[in-house]
Amino acid sequence: MKELKIFNRTNRYDFDFDVKHDIEVIEELLAKIREPQILSYSGLDIIDFYINGDEHFIGNGCIHWIFDQTKEKLNEEYIRECLLKCAVEDRKWTEQRNKDLTGIFYRKITFLPEIQDMACDKLKGYLELLKNMYEEMITEKQTQKEETDKRKKEWNITKTYKNIHPSGGEDGTDGYIDAEYTSKNGEVIRMVSRDIFDFGCYSYPKRLEGKEDIFNRELWTEDEKQLGTWLSKFGEFHGIRM
């Protein structure tokens with residue numbers, strides 16, 4: 001998981017597509033910040049950029065950042081009035097939109113060029129950080145895939161003695177594989193893998209089958225331990241059948 005603080009909000013990213021999504025949000029916001037906007041005096045949305053999937057409220061954060069950057073210079077403590085001073089108002093639109101209302105609830109404004117530039121410069125900084133993060137995550141994912149592919153090739157089945165596929169629930173058939181595995185270095189080991197309903201999957205050396213200590217790894221060779229670990233990740237049985 002990676003983190004990035006955008007407009008005083010720490011955003012957490014578990015996957016590269018989450019980062020890519022915020023990249024797209026900021027790219028859309030960079031265009032919208034230069035377009036006319038509706039300044040609302042009702043509800044929680046002061047200005048809603050209507051960016052689909054802005055789950056980290058980047059647009060909202062940008063509006064509050066503009067307020068924080070300009071309120072002292074403009075000597076304005078109210079965010080809506082401050083934003084109004086940072087913009088040019090379409091007074092004709094405002095008059096028509098509010099003519100049947102009890103007050104002024106909506107204003108159409110376009111931010112001044114210097115405010116647009118200021119906000120865009122800040123957004124571009126975040127955009128660059130997100131793009132770098134995205135590339136890092138893509139590289140990490142590719143490296144992990146290559147390592148996984150390499151590990152998958154450490155062992156392969158060279159002979160199968162018995163293979164029963166699990167099926168059904170509690171009264172169904174449990175899985176059982178008795179097979180011979182050969183490592184990339186030429187070691188040959190016969191192992192049994194089982195899939196027991198509502199219990200889980202496990203493996204043990206065939207030579208210990210029927211004995212009480214099949215799970216005592218002190219009785220396993222180092223190669224058997226390595227193969228057991230490999231089977232838990234790459235074997236045919238995984239998880240718990242319920």
Side-chain angles (χ1 to χ4, degrees), residues 1-138 140-141:
M1 182 182 72
K2 295 186 181 296
E3 295 183 351
L4 180 63
K5 193 172 185 178
I6 300 179
F7 294 125
N8 295 319
R9 178 187 175 92
T10 300
N11 303 330
R12 294 174 174 81
Y13 303 96
D14 292 317
F15 305 102
D16 57 86
F17 54 78
D18 293 324
V19 180
K20 186 178 180 181
H21 184 76
D22 272 3
I23 288 174
E24 293 170 350
V25 167
I26 290 182
E27 287 176 339
E28 187 173 348
L29 185 57
L30 279 166
K32 285 184 176 286
I33 201 73
R34 298 189 183 279
E35 298 174 355
Q37 303 297 329
I38 306 305
L39 179 63
S40 175
Y41 287 76
S42 62
L44 298 176
D45 293 325
I46 300 170
I47 289 179
D48 192 341
F49 290 103
Y50 299 102
I51 297 176
N52 185 35
D54 185 8
E55 298 175 358
H56 289 144
F57 307 103
I58 298 174
N60 184 271
C62 183
I63 290 299
H64 283 82
W65 180 81
I66 291 174
F67 172 59
D68 289 337
Q69 298 301 306
T70 57
K71 60 184 179 182
E72 291 186 8
K73 181 180 179 180
L74 298 175
N75 192 29
E76 185 57 69
E77 60 178 317
Y78 298 106
I79 185 170
R80 288 174 173 83
E81 299 309 308
C82 182
L83 294 175
L84 190 58
K85 291 180 180 180
C86 291
V88 174
E89 181 181 4
D90 185 339
R91 296 183 181 276
K92 184 176 180 180
W93 183 96
T94 299
E95 181 180 352
Q96 292 177 342
R97 177 64 180 84
N98 296 276
K99 66 179 181 178
D100 295 325
L101 304 179
T102 57
I104 303 298
F105 294 99
Y106 306 99
R107 296 180 186 272
K108 188 174 185 179
I109 64 171
T110 302
F111 286 117
L112 297 170
E114 57 267 31
I115 300 299
Q116 296 177 21
D117 293 343
M118 179 183 72
C120 285
D121 287 344
K122 188 69 173 178
L123 288 167
K124 287 175 182 177
Y126 291 133
L127 185 62
E128 182 178 359
L129 292 173
L130 283 169
K131 286 183 174 180
N132 290 338
M133 182 187 294
Y134 179 74
E135 292 301 323
E136 288 176 6
M137 294 179 79
I138 289 294
E140 289 171 2
K141 186 166 70 172

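Here the structure is a predicted model, which is why all the values come from computation and not from measurement.
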For this session: Examine Y134 together with Y13 and report whether their ring centres are nearer than 6.0 Å.
Result: no
Exercise. For the residue pair W65 and F7, does the interplanar ring angle fall in the parallel (under 30°), tilted (30 to 60°) or perpendicular (over 60°) class?
Worked result: tilted
Exercise. Does the pair K85 and E76 meet the rule for a salt bridge (charged side-chain N to carboxylate O under 4.0 Å, His left out), with working shown?
Worked result: CA-CA 9 Å; K85 291 180 180 180; E76 185 57 69; 3.1 Å; yes
Answer whether the closest heavy-atom distance between the side chains of [X] and [Y] falls below 4.5 Å.
X    : Y   : value
I47  : I38 : no
L130 : I6  : yes
Y126 : I58 : no
I33  : F49 : yes

Using modelled atom types only, decide if a donor and an acceptor are shared between the side chain of [X] and the backbone of [Y] within a distance under 3.5 Å.
X   : Y    : answer
N98 : Y106 : yes
R9  : G61  : no
E72 : T70  : no
D45 : D48  : no
D16 : M137 : no
D22 : V25  : no
Q69 : A119 : no

[X] atom [atom1]: more than 12 heavy-atom contacts under 6.0 Å:
X    : atom1 : value
E35  : CD    : yes
Y78  : OH    : no
Y50  : OH    : no
N52  : CG    : no
N75  : CG    : no
E128 : CD    : no
K20  : NZ    : no
E3   : CD    : yes

Exercise. Among R107, K108, E89, which one satisfies side-chain hydrogen bond (donor to acceptor under 3.5 Å, both in side chains) with T94?
Worked result: E89
Indicate the atoms forming the closest heavy-atom contact of [X] with [Y], along with that distance.
X    : Y    : answer
I115 : F111 : CG2-CD2, 3.9 Å
I66  : C86  : CG2-SG, 4.5 Å
D54  : G59  : OD2-N, 2.9 Å
I109 : A87  : CB-CB, 3.7 Å

For this session: Drop me the distance from M118's CE to L123's CG, to the nearest 0.5 angstrom.
Result: 10.5 Å
For this session: Would you give the length of the straight line joining atom CG of D121 to atom CG of L30, rounded to the nearest 0.5 angstrom?
Result: 9.5 Å
Exercise. Between R34 and D117, is there a side-chain N and carboxylate O pair less than 4.0 Å apart?
Worked result: yes
Problem set entry | Derivation and outcome, salt bridge (charged side-chain N to carboxylate O under 4.0 Å, His left out), residues K2 and E140 | CA-CA 12 Å; K2 295 186 181 296; E140 289 171 2; 3.3 Å; yes
